Amino acid sequence: MLVLYATGFFLAVSPETVRTVALHALENEHQTFALNVSAPSIVTSHTAALLETLPLTDILFGSSFETEALCAALGLPVDLHLLVRRLAGWSKRKSTSRLVVFTADDGIVVGSGDAETVSVYRFATTSSSAIVDLNGAGDAFVAGFLALMMQGRAVDECVEAGIWVRSLVVQQLGASYPDGVLSFEPQGLRPTAVVQIR
């Protein structure tokens, strides 16, 4: 699987380019288009571009920081679980289900397609004394997640890899990785809750 990835910041600069890349993925069976919402300002200032891109998006990443803005744009009450569920079920031009992955301080919320549930993955957070810099934490999560997704691994392992890479990056100054060879070994992370959304 080849993943074509764009951050929401590109919607602010050239929504036409994002759409072109997303359409390319739509037309090629083994390509997946992933989009990261990136910031509340992308939602509030570029709502139309974001909503026009959503039907072309196979994997949507976001964080709890964008929840309020997205809920307001979609006319929903502020509820991360409901938001992830609605975005996962949003109309899609490709026949495959959309995967929606949102990070929050205390876990990762994942929804897929028309499922009436979302999965919540809780994890041990990096101790505050070990955190050096939070810049790049979300991007690091996405990198770890997509690295395993492109290998055809299960969503549970992709989430675990994203958490692992994020935990390494926040312990470094700047958005960087520790020196040396990094080797991820899945530990069997599973959802700690499955939330029914109606």
Side-chain angles (χ1 to χ4, degrees), residues 1 3 5-8 25 32-40 43 50 53-71 73-92 94-126 134 137-170 184-198:
M1 167 196 307
V3 176
Y5 172 76
T7 68
T32 296
F33 178 68
L35 178 68
N36 191 334
V37 178
S38 301
V43 179
L50 178 62
T53 306
L54 192 55
L56 303 170
T57 303
D58 300 303
I59 305 172
L60 181 67
F61 292 98
S63 78
S64 57
F65 297 115
E66 294 105 27
T67 301
E68 189 173 335
L70 279 165
C71 287
L74 299 175
L76 297 173
V78 179
D79 178 331
L80 179 58
H81 298 151
L82 175 63
L83 175 65
V84 167
R85 164 67 194 90
R86 289 289 171 84
L87 289 170
W90 197 272
S91 68
K92 188 166 182 288
K94 223 178 210 180
S95 61
T96 56
S97 295
R98 175 179 302 108
L99 186 64
V100 177
V101 183
F102 268 61
T103 60
D105 288 340
D106 61 344
I108 309 297
V109 180
V110 178
S112 179
D114 293 329
E116 293 184 0
T117 60
V118 294
S119 297
V120 180
Y121 296 81
R122 303 272 186 228
F123 58 92
T125 58
T126 306
L134 291 173
D139 295 322
F141 173 84
V142 171
F145 186 99
L146 289 178
L148 264 65
M149 178 65 62
M150 290 190 306
Q151 295 176 24
R153 305 287 273 280
V155 170
D156 293 344
E157 288 185 15
C158 296
V159 169
E160 189 174 357
I163 292 167
W164 180 75
V165 174
R166 177 189 180 276
S167 71
L168 293 175
V169 167
V170 300
F184 170 72
E185 293 295 330
Q187 302 299 308
L189 180 71
R190 297 287 180 261
T192 50
V194 176
V195 181
Q196 181 81 27
I197 308 290
R198 295 178 193 239

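Nothing here was measured: the structure is a model prediction, and the numbers come from that model. Residue numbers start at 1 and run along the sequence shown.
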Is there side-chain contact between M1 and V3, with at least one heavy-atom pair below 4.5 Å?
yes
Would you name the heavy atoms of R98 and L87 that are closest together and state the gap between them?
NH1-O, 2.9 Å
Y121 and side chain to side chain contact (heavy atoms under 4.5 Å, CB included): which partner among V110, T103, T192?
V110
How close do L83 and C71 get, heavy atom to heavy atom, and via which atoms?
CB-SG, 4.0 Å
Mind listing the closest non-hydrogen atom pair of G144 and A161 along with its distance?
O-CB, 3.5 Å
Is there side-chain contact between V120 and R122, with at least one heavy-atom pair below 4.5 Å?
yes
Measure the shortest side-chain to side-chain distance between V194 and V118 over non-hydrogen atoms and say whether it is less than 4.5 angstrom.
no
Between R86 and I197, does the side chain to side chain contact (heavy atoms under 4.5 Å, CB included) criterion hold? Intermediate values first, please.
CA-CA 9 Å; R86 289 289 171 84; I197 308 290; 5.9 Å; no
For F65, I'd like to know if atom CZ has over 12 heavy atoms of other residues, nucleotides or ligands within 6.0 Å.
no
Roughly how far, to the nearest 0.5 Å, is the CG atom of L35 from the OG1 atom of T57?
5.0 Å
Looking only at heavy atoms, the pair that brings K94 and A25 closest together is NZ-O, 3.2 Å
Is a side-chain donor or acceptor of Q187 paired with a backbone partner of E185 at a separation under 3.5 angstrom?
yes
Any side-chain heavy atom of L82 sitting closer than 4.5 Å to one from P77?
yes
What class does the angle between the rings of F61 and F141 fall in, given that below 30° is parallel, 30 to 60° is tilted and above 60° is perpendicular?
perpendicular
Is there a side-chain contact between V195 and T117, using heavy atoms and a 4.5 Å cut-off?
no
Do I59 and F33 touch side chain to side chain, with heavy atoms closer than 4.5 Å?
no
Atom CD of E157 with >12 non-hydrogen neighbours under 6.0 angstrom:
yes
Got a donor-acceptor contact below 3.5 angstrom from the E66 side chain to the A39 backbone?
yes
Go through L74 and W90 one step at a time and tell me if the side chain to side chain contact (heavy atoms under 4.5 Å, CB included) criterion holds.
CA-CA 11 Å; L74 299 175; W90 197 272; 3.4 Å; yes
Answer yes when D58 and K92 have at least one side-chain N-carboxylate O distance shorter than 4.0 Å, and no when they do not.
yes
Working to the nearest 0.5 Å, report the span between CD1 of I108 and OG of S63.
10.0 Å
Do S112 and V155 come within less than 4.5 Å of each other through their side chains, counting heavy atoms only?
no
What's the separation between atom SG in C158 and atom CE in M149, rounded to the nearest 0.5 Å?
4.0 Å
Mind listing the closest non-hydrogen atom pair of R85 and E116 along with its distance?
NE-CA, 3.6 Å
Could you state the interatomic distance from CG (D79) to CD (E68), rounded to the nearest 0.5 Å?
12.5 Å
d(F184 CZ, I163 CD1) to nearest 0.5 Å is 9.0 Å
V101 vs V84, side chain to side chain contact (heavy atoms under 4.5 Å, CB included): CA-CA, chis, key distance, verdict:
CA-CA 7 Å; V101 183; V84 167; over 6 Å; no
So CH2 of W164 and CG of L148: to nearest 0.5 Å the spacing works out to 10.0 Å
Show the nearest heavy-atom pair for residues S38 and T7, with the distance to one decimal.
OG-CB, 3.4 Å
Could you walk me through whether N36 and L60 pass side chain to side chain contact (heavy atoms under 4.5 Å, CB included), step by step?
CA-CA 6 Å; N36 191 334; L60 181 67; over 6 Å; no
